[in-house]
Amino acid sequence: MQLILKQIKVVLGGANLDTTNDKLALNVDITLTLTADTTGSNITINGVTGINYTYTAVSKTLVLSQNGGGNLAVAEVKAITEAVALKNTAISPAQGNRTATISYVDGNNNEGASAVATIMVDTIAPDAVDLDSAANVQNTSATTINREQLAQGIAFDASIVAPIATDIKQIKVLIGGTDLDTANDMLLLGLNQDIALNKDAAGNNINVVGLTGLNYTYDLTSKVLTLSKSDDTNFSATEAQQLMHAVKLKNTSASATEGERSATFSYVDEAGNESGSAVATTTVSFSPTLVITDSSLDTISNDAITTFTFAFSDDVSNFTKDDIIITDIGANSAIPLNTTGSSDGTINILGATVTGNSIKAGTGITWGTSGVYSKDGFTGNGSMSFTVVANNKALMAGLSTDNSNNNRDTLDYAIYARDYGQVRIYENNADIGDYGAYDAGDVFTVKRIGTEITYYKNGVLIYKSLTASTATNELHFDSAFANDNTEIKDITIKTEATLGDFTRVSDSEYTLEVTQLQTLKVN
């Protein structure tokens, strides 16, 4: 028996149908407004000629038929139905569901069972990945790991905050870093899923950190790991967080190399919208780091020698004292930032006042009219730190070898706190780049160790300079301000401790003499 079809009916609906801005498109040149009755005749739709249409606004019903009342072949019905499209050119289309209920009518006006097609309009990307629960979104983080941690596998970032979005379909992880070793580095998912970085890879229906039914793909060309669910459902906030914590860097090779690796995390929702990303940088260092946190060290006198005994969990017999970094030694006696002024140019305070360890710009301030440069500086290893009081004032502060003027262009290595809450880094008046947001109370540090300059926000590395500093050059605190009443506080210029006798007790235990030098501080 031949199937005779005369009409195609399409009834529009859905909880979020926007009759003002949503349209029906039959061809690229035919767009129907949903608020007005419309008819057309003898048009071509998707290659099918001689088609009439009637749209009734009250019922939101579109009826398509053959001109002259002829029959529609099955192939024609398919082609026409597939050509009926939803269209909306509004800048911010209403989010949510639209439906089309489709049915066919035969030559005796019998209407068949209907089918409902649903379109979810979603043009809003999920919130950006947040690497830390501190105020505001933290889109960078930095950690340093040793050989043992690298061999076991360690998370790029174990502090990622659970997302707010509820429609996360995929988690994307872009693997990179200046020292990524695709031949030997690998990804470890959870505890037992190794993924080599030198070839394409895929896994289906695997278990990771207690989460079952997970799929992954790794693309060698793009170096992107994509995580999703086998049943095509969305990740809950907790599942997304757990899974990102489970993405680890691993390398068990004897030829593993030091240096930076990074993972750039982002979310993809059901509609394919991708969130803002966040970059977690892991620095692999085979040199042990001795962190001294004993508060009693804050009171030792200048040039005092203290002996420490420390051990490592593996054999470090190949290391010397040159491989050790001493950090976190407390401040000793302070050398003040002289506020009396000087005719020889070694002290320069313009358009600002120094009170205690704070600096505040005056009024009528623009670049070049307010700045402070310290008489005292340091050679060798050292750092300067300061705290921002607000995030809506433009200022630069950092380290310089000289101060030919009070403008920002004389700062050699500078944190640039913008007046709209963003941080940039400038070196010798060259814009190095944007390094995320900042807020009132954030602490910035610029440090020189050896010839390397590094920048930190709240103790987290944000940039390592590509320009070496000469260790024998004396670096001074330097600053410049662009807005009235700009203020920074807790300004500290600190020299790093020096290492004395280094004695190997065993393959994994050493004693070390540490000499504490003066700390220079605005007071």
Side-chain angles (χ1 to χ4, degrees), residues 135-136 334-377 383-446 455-458 462-463 474-493 520-523:
N136 300 319
I335 297 177
L337 179 68
N338 194 323
T339 62
T340 60
S342 171
S343 60
D344 62 11
T346 58
I347 304 168
N348 197 320
I349 299 174
L350 178 69
T353 57
V354 177
T355 305
N357 60 349
S358 297
I359 297 173
K360 187 173 183 179
T363 57
I365 299 303
T366 59
W367 288 120
T369 64
S370 179
V372 175
Y373 177 78
S374 70
K375 175 181 177 181
D376 298 301
S383 63
M384 80 93 218
S385 296
F386 67 95
T387 300
V388 290
V389 175
N391 69 345
N392 61 351
K393 303 282 188 179
L395 66 99
M396 280 195 186
L399 296 171
S400 297
T401 56
D402 61 71
N403 187 53
S404 58
N405 62 50
N406 286 94
N407 213 332
R408 67 184 193 178
D409 56 1
T410 60
L411 276 86
D412 295 346
Y413 307 101
I415 294 288
Y416 182 9
R418 305 296 299 272
D419 55 4
Y420 53 86
Q422 291 292 311
V423 175
R424 301 190 73 82
I425 290 173
Y426 267 63
E427 294 186 348
N428 294 301
N429 207 33
D431 185 357
I432 302 302
D434 190 348
Y435 289 88
Y438 77 96
D439 207 348
D442 283 344
V443 179
F444 291 100
T445 302
V446 184
Y455 300 78
Y456 302 82
K457 186 181 85 169
N458 298 326
I462 59 175
Y463 179 68
E474 187 168 273
L475 290 176
H476 300 250
F477 169 81
D478 198 0
S479 60
F481 305 98
N483 298 126
D484 290 356
N485 302 315
T486 305
E487 185 177 1
I488 57 177
K489 64 180 183 178
D490 301 329
I491 304 161
T492 300
I493 312 167
L520 310 161
K521 185 168 68 172
V522 179
N523 70 350

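Quick caveat: nothing in here was measured; it's all calculated off a predicted structure.
Taking OG1 of T486 as the reference point, atom CD1 of I359 lies at 11.5 Å (rounded to 0.5 Å). The NZ atom of K457 lies 7.5 Å from the CD1 atom of I462; values are rounded to the nearest 0.5 Å. For the atom pair CG (D402) and CD (E474), the distance works out to 11.5 Å, reported to the nearest 0.5 Å. Atom CG of L475 is separated from atom CG of L399 by 5.0 Å, given to the nearest 0.5 angstrom. Separating the OG atom in S479 from the CG atom in L350 is a distance of 10.5 Å, to the nearest 0.5 Å. One finds the CD atom of E427 at 11.0 Å from the CG atom of L411 (value rounded to the nearest 0.5 Å).
Considering every non-hydrogen atom in both V372 and F477, the closest pair reads O-CE2, 3.9 Å. The shortest heavy-atom contact between A480 and W367 is O-CZ3, 3.5 Å. Between A361 and S370, the shortest heavy-atom distance links the atoms CB-OG, 3.5 Å. I488 and A397 make their closest contact through CD1-CB, 4.4 Å (heavy atoms, listed as atom of the first residue, atom of the second, distance).
Between the S358 side chain and the K489 main chain, no donor and acceptor come within less than 3.5 Å of each other. At least one donor-acceptor pair under 3.5 Å links the side chain of S400 to the backbone N or O of T410. For the pair N483 (side chain) and A394 (backbone), a donor-acceptor distance under 3.5 Å is present. Judged by distance alone, with hydrogens and angles left aside, the side-chain atoms of D484 form a donor-acceptor pair with the main-chain N or O of I365 at under 3.5 Å. Looking only at distances, no side-chain donor or acceptor of S385 sits under 3.5 Å from a matching main-chain atom of T492.
With a 4.5 Å cut-off on side-chain heavy atoms, Q422 and D434 count as touching. Taking the side chain as every heavy atom from C-beta outward, R408 and Y416 approach each other to under 4.5 Å.
Ring geometry, Y463 versus Y455: the interplanar angle falls from 30° to 60°, so the pair is classed tilted.
Residue pairs meeting the ring pair (Phe, Tyr, Trp, His ring centres under 6.0 Å) criterion with at least one partner in residues 390-413, sequence neighbours excluded, are absent.
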Go through the steps for D490 and V443 under the test side-chain contact (heavy atoms from CB on, under 4.5 Å), then give the verdict. CA-CA 9 Å; D490 301 329; V443 179; over 6 Å; no
side-chain contact (heavy atoms from CB on, under 4.5 Å), that's the test. Do F481 and K393 meet it? Break it down for me. CA-CA 8 Å; F481 305 98; K393 303 282 188 179; over 6 Å; no
Could you check K360 against N485 for side-chain contact (heavy atoms from CB on, under 4.5 Å), going step by step and ending with a plain yes or no? CA-CA 6 Å; K360 187 173 183 179; N485 302 315; 4.0 Å; yes
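Take T401 and apply the side chain to side chain donor-acceptor pair (under 3.5 Å) test, not counting sequence neighbours, and it matches D412. Applying the side chain to side chain donor-acceptor pair (under 3.5 Å) criterion to D442, with sequence neighbours excluded, gives N458.
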